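Take a look at the structure below.
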Number of protein chains: 2
Amino acid sequence: MTIYDVARAAGVAASTVSRTFSRPGRVHADTAERVRQAADSLGYRTTPQARAHATTRTGMIAVLVSDIGNPVYAEMVRGVQAAASAAGCTVLLADSQESDRQERAALERALPSVDGVVLAGSRMSDSAIRVIAKQKPLVVLGRAVGDVPSVVPDNGRGMREAVEHLAGLGHSSLGYVAGPAASWAEGTRWRSLLDTATELQLRVRRLGPSTPDVAGGMRAAEELGGHSISAVLAYNDQLAIGVLRGLRGRGVRVPEDVSVVGFDNIGAAELVTPGLTTVAAPLHAGGAAATRALLAMIDGAPGATGSPVVLPVRLVVRESTAQRSRKSTSPASGTTKVSPSAAQASTSTSAGSR
Amino acid sequence: MTIYDVARAAGVAASTVSRTFSRPGRVHADTAERVRQAADSLGYRTTPQARAHATTRTGMIAVLVSDIGNPVYAEMVRGVQAAASAAGCTVLLADSQESDRQERAALERALPSVDGVVLAGSRMSDSAIRVIAKQKPLVVLGRAVGDVPSVVPDNGRGMREAVEHLAGLGHSSLGYVAGPAASWAEGTRWRSLLDTATELQLRVRRLGPSTPDVAGGMRAAEELGGHSISAVLAYNDQLAIGVLRGLRGRGVRVPEDVSVVGFDNIGAAELVTPGLTTVAAPLHAGGAAATRALLAMIDGAPGATGSPVVLPVRLVVRESTAQRSRKSTSPASGTTKVSPSAAQASTSTSAGSR
DNA sequence: GCGGGTGCGGCAACGGATTGCCACGGATTG
DNA sequence: CAATCCGTGGCAATCCGTTGCCGCACCCGC
């Protein structure tokens, strides 16, 4: 089934058939109707390959995520899919499994057959990303890369609200369970935490960095024991849930003894007990926004390369945070041993010391 | 950059360049070397579009999953990606968000640009699937569809082992938390449970069906209260985890009062407390196997349309199952009210009544 | 020395849609 | 009434590899 078959059936030239589908309005309404009739009586469907070959547009965009299993990315991907299919565009999803090498390989494979790329939670270096961005329209999601259009949640504001919330509950000694050191989000969250803490005259102790999963959070909960801390903020919800679990394992009650705050508001955050107070980032909206920006670039828009698009966040208060108990700031648990390696990794930081 | 540019630079015809890349051995080694040199000094890369146009092979396969957020699918997808990239083939992933309509839409969009499809956890009807299978190579994953190549875990054996495990621990009154009624896996698991229970002379009560997530499991835990049941099997781990959580909320201890078994062995199964005893399906291997089968079909193999490929499973015993306590079979908890709707939905089944 | 076989490169015809340019007819305008 | 203009459809070139077929040259063996 080609346009030629349809053309013959409709009694027009092939070019007219082509224009009927790709250039609405260019052909007379009656002719168009006749063509369409012929087309679907023959069951004709335009071939993306041939079209791509002629237009050098594939109508596909790639989304690279570092871990499909992570609900945060799953939600972003949904946003991307929604925006893409609204624009009649197919998405090519690739998982890099947290590996730089795999990410490059996936990109290499996908790049030639797509019109543009959304990079979500990339593990590549800024400069590597810039190189790609020179070749194809590209938007970075969840990270700001200079000279490349980026869409990021307002991590600074989110962290500030979380800290203010804890301060309002009387907490003055905070712990922060850090995520991957190389992560851009980690940098912005930590900086904002530090700034806000300074401003409000709170003490803060940094733990980690940990692998940003539940197991990492449980390990971090171990470290916590030795310090007089009444509230913990974590880089993300997985870590926070790990902390919740780890603390319970050590007999520390949340939120009575220690308050815990996460980041991202993944689905599990409201299912755990106690429900996790966390900072909600508009993941779906972010994915959609990044995609719309990308599609605009593909259509020739300049690509806002200046400052990144910042998405609003909000603090979702659940049961894992409460008024600081006045009786004690340190956990009642007996064992407060800190493993040597953990002690070494943790960087004690007085907020006033900047 | 086209093969013509490369041809000129290497002093050969364009066809020779083409053959150098697509027909290794067809050109003389020295010539090939010269061509390759020219190619990468010019930075030439073959365009998938043009190739696809000429060969009517895109080198892409589509994977449709019903929910990217579900770790089970995430793992399958990884298996697919591994097998696909081993074969030099790109994966087009689409999420149907548990919706038949979206699944069709995604398929419609993806189908014309891929060489074949892996359908994982499809929500479509068997007949709809057969229709697609007539048009393009297709493999169904995690479900058996007559006349269509399928790859499924050995649900029957898995369930049997789980039940035997519980019987061995002295449990004789079982509960089953059902998944979606329309699910093929639900059917096979329930049937096997029934058969095994009959054989071992155990009583079994079916609860649900529930939405197969944690919340659904918690609701099922409510239902459980009214019955004298010492062990619960769930359709999947999410439900089982929900049951765990729900029972704890009602003051029932696991595994002291009630044993719980899940299905799938998702990552969270070993992180929850107590660790969940569950049936592990080789998700990654399944994805890879389905993909290899699909690629073989694309290469012209007949496509084993007879009985489905069955993957071995194994029971992973953790802390959520234990010897039946002799003092009591019913939970100590006070409130045993069952909501009317729940009572209505639950189908009491005596194993001997078949 | 000659016929046959084989290895290897070139020519040219595809594949299916898009699009610049032209032509034709009817409507508008001076 | 003639000069334009616009709307619309057709012609043909183009996008970039792939591949069937041909021919050349070289090697082998009889």
Side-chain angles (χ1 to χ4, degrees), chain A residues 1-40 42-60 88-90 111-115 298-300, chain B residues 1-40 42-60 88-90 111-115 298-300:
Chain A
M1 282 304 104
T2 74
I3 47 172
Y4 296 92
D5 299 317
V6 178
R8 200 171 326 113
V12 295
S15 52
T16 304
V17 177
S18 171
R19 281 195 272 257
T20 302
F21 295 115
S22 58
R23 210 52 49 108
R26 176 68 171 72
V27 306
H28 191 91
D30 298 352
T31 317
E33 188 48 35
R34 201 146 40 90
V35 170
R36 258 187 289 273
Q37 297 260 318
D40 50 52
L42 268 66
Y44 166 80
R45 312 243 27 175
T46 171
T47 354
Q49 277 71 352
R51 179 206 291 282
H53 188 209
T55 58
T56 63
R57 285 279 185 84
T58 62
M60 296 199 291
C89 173
T90 312
L111 212 50
S113 29
V114 298
D115 298 334
I298 292 171
D299 283 342
Chain B
M1 279 307 103
T2 75
I3 47 173
Y4 296 92
D5 299 317
V6 178
R8 199 168 332 112
V12 295
S15 51
T16 304
V17 178
S18 172
R19 281 195 273 256
T20 303
F21 296 115
S22 57
R23 255 330 106 93
R26 177 65 171 74
V27 304
H28 191 90
D30 298 353
T31 316
E33 187 50 35
R34 202 146 40 90
V35 170
R36 258 188 288 274
Q37 296 260 318
D40 50 52
L42 267 65
Y44 166 80
R45 313 241 28 174
T46 171
T47 342
Q49 277 72 353
R51 178 207 291 280
H53 187 211
T55 57
T56 64
R57 286 278 186 85
T58 62
M60 295 199 291
C89 173
T90 311
L111 211 51
S113 25
V114 299
D115 298 333
I298 292 171
D299 284 343

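Naming convention: chains lettered A, B, ... in sequence-line order (proteins, then strands); numbering from 1 in each chain. Remember, predicted model here, so these are calculated numbers, not experimental data.
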(Q) With a 4.0 Å limit, can you tell me whether A:R19 has a side-chain N or O closer than that to the phosphate oxygens OP1/OP2 of C:dT18? (A) no
Q. For the side chain of B:R57 and the backbone of B:I298, is there at least one donor-acceptor N/O pair under 3.5 Å apart?
A. yes
Q: Specify the separation, in whole Å, of atom CZ of B:R23 and atom C1' of C:dG10.
A: 16 Å
**Q.** Secondary structure of DNA chain C in dot-bracket form (Watson-Crick or G-U wobble, distances below 3.5 Å, | marking inter-strand pairs)
**A.** ||||||||||||||||||||||||||||||
Q: Check the distance between C:dG16's C1' and A:R51's CZ and give it to me in whole angstrom.
A: 11 Å
**Q.** Atom pair CZ (B:R45) and CZ (B:F21), whose distance is rounded to the nearest 0.5 Å
**A.** 9.5 Å
Q. Would you say the side-chain atoms of A:D115 pair up with the backbone N or O of A:T58, donor to acceptor, closer than 3.5 Å?
A. yes
Q: Could you check how far CG of A:D5 sits from P of C:dG16, rounded to whole Å?
A: 9 Å
Q. CE/A:M60 to OG1/A:T90 distance, rounded to the nearest 0.5 angstrom?
A. 6.5 Å
Q. Any donor and acceptor pair, going by atom type alone, linking the side chain of A:R34 with main-chain N or O of A:A10 inside 3.5 Å?
A. yes
Q.
Mind checking if B:T2 touches a base, just sugar-phosphate, or nothing, with heavy atoms under 4.0 Å?
A. sugar-phosphate
Q) Backbone N or O of B:Y4 within a donor-acceptor pair of the B:T2 side chain at under 3.5 Å? A) yes
Q: Walk along DNA chain D from 5' to 3' and tell me the first and last nucleotide with an atom closer than 4.0 Å to a non-hydrogen atom of chain B.
A: D:dC16 to D:dC21
Q: Check whether any side-chain N or O of B:T20 sits under 3.5 Å from a backbone N or O of B:T16 as a donor-acceptor pair, and report yes or no.
A: yes
**Q.** B:S15 side-chain N/O to C:dG9 phosphate OP1/OP2 under 4.0 Å
**A.** no
**Q.** Side-chain (B:T55) to main-chain (B:R51) donor-acceptor, under 3.5 angstrom
**A.** yes
(Q) Over all strands shown, is A:V12 touching base, sugar-phosphate only, or nothing at heavy-atom distances under 4.0 angstrom? (A) sugar-phosphate
Q: Taking the side chain as every heavy atom from C-beta outward, state whether A:Y44 and A:I3 have any atom pair closer than 4.5 Å.
A: yes
Q. So what does B:T47 hit on the nucleic acid, given a heavy-atom distance under 4.0 Å: a base, only sugar-phosphate, or nothing?
A. sugar-phosphate
Q) Is any side-chain N or O of B:R26 under 3.5 Å from a base N or O of C:dG9, one able to act as donor and the other as acceptor? A) yes
Q.
I want to check one thing: is the phosphate of C:dC11, taken as OP1 and OP2, less than 4.0 Å away from some side-chain N or O of B:Y4?
A. no
Q: Looking at every strand, decide which applies to A:A54 at a 4.0 Å heavy-atom threshold: base, sugar-phosphate, or nothing.
A: base
Q.
Any base atoms under 4.0 Å from A:H28, or only sugar-phosphate, or nothing? Heavy atoms, all strands.
A. sugar-phosphate
(Q) Students often get this wrong, so: under 4.0 angstrom with heavy atoms, is B:T31 touching a base, only sugar-phosphate, or nothing? (A) sugar-phosphate
